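Note sheet for the following structure.
Just so you know, residue 1 is the first one in the sequence shown, and it goes up from there. All values derive from a computational prediction rather than experimental measurement.
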Amino acid sequence: MSRLQLALNVSQLDAAIDFYSRLFATPPSKVRPGYANFAIADPPLKLVLIENPLADGGSINHLGVEVFSVDDVAAATERLENEGLSTDVEMATTCCYAVQDKVWVSGPDAERWEVYTVLADADAAGANDVEACCVTDATSEPISLRPR
């Protein structure tokens, strides 16, 4: 089993935690400086909030599919490569206050997707700060959820 991950840039973490806790009737699973995540059962969703006041609030930081084993990440990597997609594999990397194995791909509009599994909890955000840890391509821009 897997679940979709949606990682949002938010301008005020506390306000976002309050809103999403009420929206999904679920408290966050993890709260750290500038970061929170929710493991929502219904609908099956991993919602990640990344406090990033410089980004367009409500924009997508990245998207993902959380899987539940290292073997699932390896199978996803093989499948994506067999589909001709360019992959970026990160093993035992610290990101979003967790040690993870993951594979990244980019969609046609440069939206970043990761397929990942959490190996262990971590005390540090990883990769210098929480805004940067989930971006493997420094040219990636936030994707706005607002109509233009």
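Using a 4.5 Å heavy-atom threshold, the side chains of F24 and P43 count as touching. Between L6 and L63 there is a side-chain heavy-atom pair separated by less than 4.5 Å. Between V89 and W104 the shortest side-chain heavy-atom distance does not fall below 4.5 Å. Counting heavy atoms from C-beta outward, E90 and C95 have side chains that stay 4.5 Å or more apart. Two residues are said to be in side-chain contact when any heavy atoms from C-beta on lie closer than 4.5 Å; Q12 and F19 fail this criterion. By the 4.5 Å heavy-atom criterion applied to side chains, L49 and L47 are counted as neighbours. Contact annotation: the side chain of E66 approaches that of V118 to within less than 4.5 Å [non-hydrogen atoms, C-beta and beyond].
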Worksheet item: Does the side-chain contact (heavy atoms from CB on, under 4.5 Å) test come out yes or no for E81 and T87, once each step is laid out?
Response: CA-CA 7 Å; E81 288 173 348; T87 61; 2.8 Å; yes
Worksheet item: Taking it one step at a time, do L13 and V10 satisfy side-chain contact (heavy atoms from CB on, under 4.5 Å)?
Response: CA-CA 6 Å; L13 185 62; V10 299; 4.3 Å; yes
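Taking the ring centroids of Y97 and Y35, they lie under the 6.0 Å cut-off.
For S21, there are no side chain to side chain donor-acceptor pair (under 3.5 Å) partners at least two apart in sequence or on another chain. With sequence neighbours excluded, no residue satisfies side-chain contact (heavy atoms from CB on, under 4.5 Å) with A124. Taking the side chain to side chain donor-acceptor pair (under 3.5 Å) definition, one finds that D42 meets it with nothing, sequence neighbours left out. Residues forming a side chain to side chain donor-acceptor pair (under 3.5 Å) with R79 (at least two apart in sequence, or on another chain): none. In this structure S86 satisfies the side chain to side chain donor-acceptor pair (under 3.5 Å) test with no other residue, sequence neighbours excluded. Judged as a salt bridge (charged side-chain N to carboxylate O under 4.0 Å, His left out), and not counting sequence neighbours, D14 has no contacts.
Side chains of Q100 and T93: a donor-acceptor N/O pair is absent below 3.5 angstrom, by distance only. Q5 and H62 share a donor-acceptor pair across their side chains, judged by distance under 3.5 Å alone.
Under the 3.5 Å distance criterion, the side-chain polar atoms of D101 are matched with a main-chain donor or acceptor of A92. In this structure, the side chain of T117 engages the main chain of V67 through a donor-acceptor pair within 3.5 Å.
Within 6.0 Å of CD in E78 there are 12 or fewer heavy atoms belonging to other residues, nucleotides or ligands. In this structure, D123 places its CG atom where only 12 or fewer heavy-atom neighbours from other residues, nucleotides or ligands lie under 6.0 Å away.
Closest non-hydrogen pair, N52 versus N9, comes out as ND2-OD1, 3.4 Å.
Separation of atoms OG (S2) and CZ (F68) is listed at 7.0 Å; rounding is to 0.5 Å.
Under a hydrophobic clustering in which Ile, Leu, Val, Met, Phe, Trp and Tyr are joined whenever their side-chain heavy atoms come within less than 4.5 Å, directly or via other members, L80 and V70 fall into different clusters.
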